[in-house]
Amino acid sequence: KAGVTQTPRYLIKTRGQQVTLSCSPISGHRSVSWYQQTPGQGLQFLFEYFSETQRNKGNFPGRFSGRQFSNSRSEMNVSTLELGDSALYLCASSLDAASRGSPLHFGNGTRLTVT
Amino acid sequence: QQQVKQSPQSLIVQKGGISIINCAYENTAFDYFPWYQQFPGKGPALLIAIRPDVSEKKEGRFTISFNKSAKQFSLHIMDSQPGDSATYFCAAGKGNQFYFGTGTSLTVIP
């Protein structure tokens, strides 16, 4: 079974631009979660989508948004990029909630650099 | 407020030794406590996880000990191997919303 696929692997953007990251979950998984990983803050939860609906949202500004399509693929968008948005963005998929026995499977991330 | 605190930040262990990483959490509503292993350039991979109604869980060389009253849990890696050299993260949460510790960089010396 193919794992979680994130594209692109690397991105370089300029302050003020916007960016869209893509995530293809494991086949059959309906939940997609997004996390931001930085050396200073570690892994931080952005949001989770389940069956095309946002189920949970972390404490990030409205510049960070996402969506999920009917095939469970998900996109994350960051508008008006700031230098502090430079990070590794990780997508994780699962059948349902991890705490109900469906573990999170992470992709290898998209490394975003904002200059 | 940091929801999950992890220590130590780094750990060096001899091959065959025991590696111990500790975590403490704040929110008693959390109902799932996973540990992840991450290698450079890769996403975190689930190692082992525990629910708060169990005090210990063992899978191969990896054991989680859980103390609900103290709001603490720890990962023990027995017979540590050089291939275990990686960064380890504890996490705590509910559903699919998890708070992660800051990570422990483990180096196992041959």
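Just so you know, these numbers come straight off a predicted model, no measurement behind them. Per chain, numbering begins at 1; letters A, B, ... match sequence-line order. The figures that follow rest on heavy atoms only: side chains count, while hydrogens, waters and symmetry mates do not.
- Within residues 103-115 of chain A, the residues approaching chain B closer than 4.5 Å by heavy atoms are, in numerical order, A/P103, A/L104, A/F106, A/G107, A/N108.
- Contacts between A/Q37 and chain B at a heavy-atom distance below 4.5 Å involve the side chain alone, from C-beta outward.
- Interface with chain B: from residues 86-95 of chain A, residues A/L88, A/L90, A/S94 qualify, criterion being any non-hydrogen pair under 4.5 Å.
- Although no hydrogens or angles enter the test, the distance criterion places a donor-acceptor pair under 3.5 Å between the side chain of A/Q68 and the main chain of A/S51.
- B/S10 places no side-chain N or O within 3.5 Å of a backbone atom of B/S105 that could act as its donor or acceptor partner.
- Residue with the most contacts toward chain A among B/A91, B/G101, B/G41, B/G103: B/G41 (heavy-atom pairs, distance under 4.5 Å).
- We find that B/E56 and B/K58 are not joined by a salt bridge, their nearest charged nitrogen and carboxylate oxygen being 4.0 Å or further apart.
- A 4.5 Å side-chain heavy-atom check between B/I21 and B/C90 finds every atom pair outside the cut-off.
- To the nearest 0.5 angstrom, B/I48 atom CD1 is 12.5 Å from B/Y36 atom OH.
- Both the backbone and the side chain of B/P44 come within contact range of chain A, judged by heavy atoms closer than 4.5 Å.
- Of the two parts of B/Y99, neither the backbone nor the side chain holds a non-hydrogen atom closer than 4.5 Å to a non-hydrogen atom of chain A.
- Between atom CE of residue A/M76 and atom OG of residue A/S22 there is a gap of 11.5 Å, rounded to the nearest 0.5 Å.
- No salt bridge links A/D85 with A/K13; every basic N to acidic carboxylate O contact stays at or beyond 4.0 Å.
- Contacts between B/F30 and chain A at a heavy-atom distance below 4.5 Å are absent for every atom of the residue.
- When atom types are taken as modelled, the side chain of B/K15 and the backbone of B/P82 share no donor-acceptor pair closer than 3.5 angstrom.
- Across all their heavy atoms, B/F39 and B/S85 have their closest contact at CE2-O, 3.2 Å.
- Side-chain contact between A/L83 and A/R15 is present, with at least one heavy-atom pair separated by less than 4.5 Å.
- At a 4.5 Å heavy-atom cutoff, the contact between A/Y35 and chain B is made by side-chain atoms alone.
- B/F73 and B/W35 have perpendicular rings, their planes meeting at more than 60° on a 0 to 90° scale where under 30° would count as parallel.
- The line from CG of A/L46 to OG of A/S65 is 10.5 Å long, rounded to the nearest 0.5 Å.
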